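Have a look at the structure below, then the notes.
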Amino acid sequence: MPTHDNLQILSALERKILWLASWTIHNANHLRENADGLKVGGHQASSASLATIMTALYLDVLRPQDRVAVKPHASPIFHAIQYLLGKQTRERLEAFRGYKGAQSYPSRTKDADDVDFSTGSVGLGVAQTLFSSLVQDYVRAHGWNKDRPEGRMVALIGDAELDEGNIFEALLEGWKQGLRNCWWIIDYNRQSLDAVVREGLWERYEQQFKNFGWNVVIVKYGSLQRAAFKEPGGGKLKAWIDNCPNQLYSALVFAGGAAWRKRLNDEIGDQGDVSKLIAKRSDAELAALMNNLGGHDLPALLEAFHAATSDKPTCFICYTVKGFGLPMAGHKDNHAGLMTPAQMAEFQKAQNVREGHEWDRFEGLPLSEDELQDFLNGVPFAADGTRRLDAPRVSVPDTLSVSIQPTMSTQTGFGQILNEIGRADSELAQRIVTTSPDVTVSTNLGPWVNRRGLFAHEKMADTFRDERIPSTFNWEFSPQGQHIELGIAEMNLFIVLSALGLSHSINGERLLPIGTLYDPFIARGLDALNYACYQDARFMVVATPSGITLAGEGGAHQSIAEPLIGLAQDGLAAFEPAYVDELAVIMRWAFDYMQKDSDAAPSERNWLRDETGGSVYLRLSTRPIEQVQRPMTDDLAHQIVDGAYWLREPGPNAQVIVAYTGAIAPEAIAAVGLMAEDRRDVGLLAVTSADRLNAGWTAAQRARERGLVHARSHIERLLADVPPHCALVTVLDGHPATLAWLGAVMGHRTRSLGVEHFGQTGSLSDLYRHYGIDTQTIVAAAQAIAPGRPIRHLRAL
Ligand SMILES: Cc1ncc(C[n+]2csc(CCOP(=O)(O)OP(=O)(O)O)c2C)c(N)n1
Ligand SMILES: [Mg+2]
């Protein structure tokens with residue numbers, strides 16, 4: 001517990017933090033308003049709401065092993081604290097929200113001051129802390145990281161942030177998984193962006209959290225209020241505060257001392273003692289008393305935080321005032337509000353900050369610099385220096401083995417490759433962790449899970465097996481298990497992948513996470529996927545079944561847009577192999593790629609920046625197709641990873657090329673066969689990754705525009721010798737735009753086939769014909785676009 005002296009220092013620093021955050025925002029607006037005509041904004045009120053809570057946490061309560069997700073709009077407070085601790089520069093604060101400056105919302109990847117978890121899209125950072133606690137337990141249960149103390153995963157949450165459903169999905173999952181060491185601290189300012197929140201929300205939250213096994217601590221009254229409640233008439237005052245509607249309380253905070261006096265006198269002023277309690281305070285003292293909610297009172301906060309010593313997940317509901325300490329405090333329009341220059345000047349005066357000394361860390365504080373610096377030097381949170389860890393690479397064998405049957409699907413291949421890995425006790429096998437939202441068996445993770453077991457804090461036997469009931473699956477839970485079975489919520493899948501995929505940095509122990517789901521449900525978790533990529537978490541997401549190829553599985557489950565997501569999503573290399581030998585090459589490469597982290601220049605071969613690493617998306621299929629029997633040469637393997645190879649090289653006079661992706665390979669092959677008699681030198685291009693082909697092409701063009709005239713991407717090399725008059729037909733079970741750009745590489749006329757509508761069930765041949773990706777449609781497209789005589793086989797049908 002801090003001593004009285006510490007309290008004095010903390011409250012001085014709290015004022016300084018609020019000043020620095022407000023100044024950062026004001027200064028950035030002032031500097032750039034004239035330059036580009038736009039204010040940069042900055043949410044002074046939203047920041048101020050958390051100033052006291054964050055002071056208590058960062059300067060007293062948190063330990064080096066703790067990790068925090070800070071509410072997006074409290075970023076200026078976070079940066080101000082790091083500035084005081086010597087971990088943020090004045091230059092970056094001056095460039096707040098500007099190019100390479102301190103970021104608008106705390107960012108792991110773009111900020112320089114040791115952000116633990118990025119935030120921005122509300123709700124996601126919150127869930128990230130929950131899953132990070134689970135990952136910490138996973139790591140320790142596997143015998144790793146035991147010499148480091150257990151950390152707490154802490155989320156600072158805006159009250160309106162709790163409107164996001166993903167938080168409650170995470171809460172339910174946390175309960176199932178035996179969540180520990182997680183604190184969620186709610187900034188209960190009863191204001192959102194547009195509005196003042198509904199009455200009595202805290203009671204709903206309290207109930208919800210308790211239902212899921214959390215402790216709930218309500219920090220409602222500050223120490224001034226608690227003392228006043230003990231005075232004669234204090235009980236009446238407390239009852240009035242408890243019954244005051246949110247809107248009115250906020251309005252009175254904004255209006256100030258005289259308004260408080262009038263209102264209190266009108267409503268409870270004739271009730272004896274309480275009149276005296278009100279009367280004996282000046283307007284300023286009365287306002288200080290009424291604004292003294294628990295979330296702005298260091299003693300109340302420190303008491304609550306230090307009392308929470310168990311590892312049980314704990315939710316703190318801290319009453320705060322949005323804009324506390326600033327002139328817009330409490331006003332419902334304050335969300336993006338900025339102080340006027342006049343208000344700022346007044347605030348500056350009140351803080352004793354001389355002009356020209358705005359960035360001085362201890363300017364205007366009533367304590368000596370030595371004393372303040374000594375205190376900061378001893379802040380536990382900063383004691384270990386940088387808290388970001390690293391872990392050695394896990395070695396990956398040169399090839400992944402799989403026995404290829406004459407006919408099989410990529411989904412089956414995926415299951416077999418993992419099963420083969422799981423057979424041995426290699427480092428790779430130990431570090432892989434799989435997870436799936438209730439589709440473990442249907443995405444073919446079953447054999448791997450049988451071998452490696454399911455993860456749980458406690459051992460749980462498989463009752464069916466114990467009762468000798470035959471089953472293909474052996475579902476045994478234990479702390480050594482390597483599969484995390486989730487409920488259906490796909491948001492949770494992507495956030496747990498985000499947490500697992502940052503384990504090297506958070507826990508200093510590398511994991512290689514693989515998550516499986518049905519392809520269309522990527523859309524359900526898309527914001528969380530984007531979030532995981534933004535944080536640079538490293539994982540493999542395997543989506544299967546996909547497209548209309550899932551046929552009878554259900555029209556509602558057909559995915560069209562996902563290949564475009566794969567193409568566009570930053571930080572995610574997307575592949576859609578057709579054959580299992582391709583898949584084995586891609587997965588091997590992916591395990592390596594997920595671990596890379598250098599800023600080396602792009603490769604001359606493909607112009608991709610593979611050395612920086614990233615996450616991987618594999619779009620797979622349940623369709624068994626005839627496999628090609630071939631030796632896997634290094635050259636072929638490279639091309640598969642780079643995104644495409646000639647399955648049949650076009651001759652010098654080629655009139656048509658078919659470029660295909662994924663499970664419709666047999667249709668593309670058949671179409672090429674049918675055309676062969678009537679079109680010369682037809683080529684067949686197997687595109688394993690439209691994403692990487694496209695990225696390489698774009699990068700090579702950029703390089704040439706910068707003067708590197710010899711830069712060539714993989715697709716440019718592949719198409720270099722294709723004659724200009726040759727036509728290109730592209731086809732995939734997904735949106736046609738995925739491959740349509742291929743025509744622009746060398747200027748070939750192109751017709752792009754794919755799926756633009758969905759929803760009909762049927763057999764594979766019905767659906768391919770219905771949606772226009774069958775053999776006949778490919779041939780018809782080729783005939784229409786490539787000059788030459790009518791194609792016989794098309795005519796015959
Ligand atoms: C997913 C998402 N939707 C919308 C927004 C825009 N937004 C930013 S903050 C906010 C509401 C803030 O309210 P609260 O969480 O209570 O924080 P406060 O400003 O009161 O501190 C909204 C809607 C967002 N950042 N993320
Ligand atoms: Mg709020």
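For ligands, and for the atoms within them, numbers begin at 1 and follow the listed sequence. For clarity, every value in this text was computed on a predicted model and none was experimentally measured. Along the sequence shown, the residues carry numbers beginning at 1. What you see below is based on every heavy atom in this structure, not just the backbone, and it leaves out hydrogens, waters and symmetry mates.
Within the 2.8 Å limit, Tyr188 places no N, O or S atom next to the Mg ion (ligand 2). For the Mg ion (ligand 2), the set of nearby N, O or S atoms under 2.8 Å includes one belonging to Asp159. At a cut-off of 2.8 Å, Asn189 is counted among the residues with an N, O or S atom near the Mg ion (ligand 2).
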Enumerate, one pair per line, all nitrogen or oxygen atoms of ligand 1 lying under 3.5 Å from a protein nitrogen or oxygen, stating the separation to 0.1 Å; write 'none' if no such pair exists.
from     : atom 1 : to     : atom 2 : distance (Å)
ligand 1 : 15 (O) : Glu161 : N      : 3.3
ligand 1 : 16 (O) : Asp159 : N      : 3.4
ligand 1 : 16 (O) : Asp159 : OD1    : 2.6
ligand 1 : 16 (O) : Ala160 : N      : 2.9
ligand 1 : 16 (O) : Gln191 : O      : 2.8
ligand 1 : 19 (O) : Ser46  : OG     : 2.9
ligand 1 : 19 (O) : Lys322 : NZ     : 2.7
ligand 1 : 19 (O) : His335 : ND1    : 3.2
ligand 1 : 20 (O) : Asn189 : OD1    : 3.1
ligand 1 : 20 (O) : Asn189 : ND2    : 2.9
ligand 1 : 20 (O) : Gln191 : O      : 2.7
ligand 1 : 20 (O) : Lys322 : NZ     : 3.2
ligand 1 : 21 (O) : Ser46  : OG     : 2.9
ligand 1 : 21 (O) : Lys71  : NZ     : 2.4
ligand 1 : 21 (O) : Asn189 : ND2    : 3.3
ligand 1 : 25 (N) : Gly120 : O      : 2.9
ligand 1 : 26 (N) : Val122 : N      : 3.1

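Salt bridge Arg108/Asp536: absent, no basic N to carboxylate O contact under 4.0 Å. Salt bridge Lys220/Asp242: present, at least one basic N to carboxylate O contact under 4.0 Å. Ion pairing between Glu173 and Lys176 holds under the 4.0 Å rule for side-chain N and carboxylate O.
The CG atom of Asp159 lies 14.5 Å from the CH2 atom of Trp202; values are rounded to the nearest 0.5 Å.
When ring centroids are compared, Phe521 and His557 come within the 6.0 Å threshold.
Shown are Ser118, Ser107, Ser498; of these, the side chain to side chain donor-acceptor pair (under 3.5 Å) with Tyr534 is made only by Ser107.
Closest approach of Tyr249 to Met290, counting heavy atoms only: OH-O, 2.6 Å.
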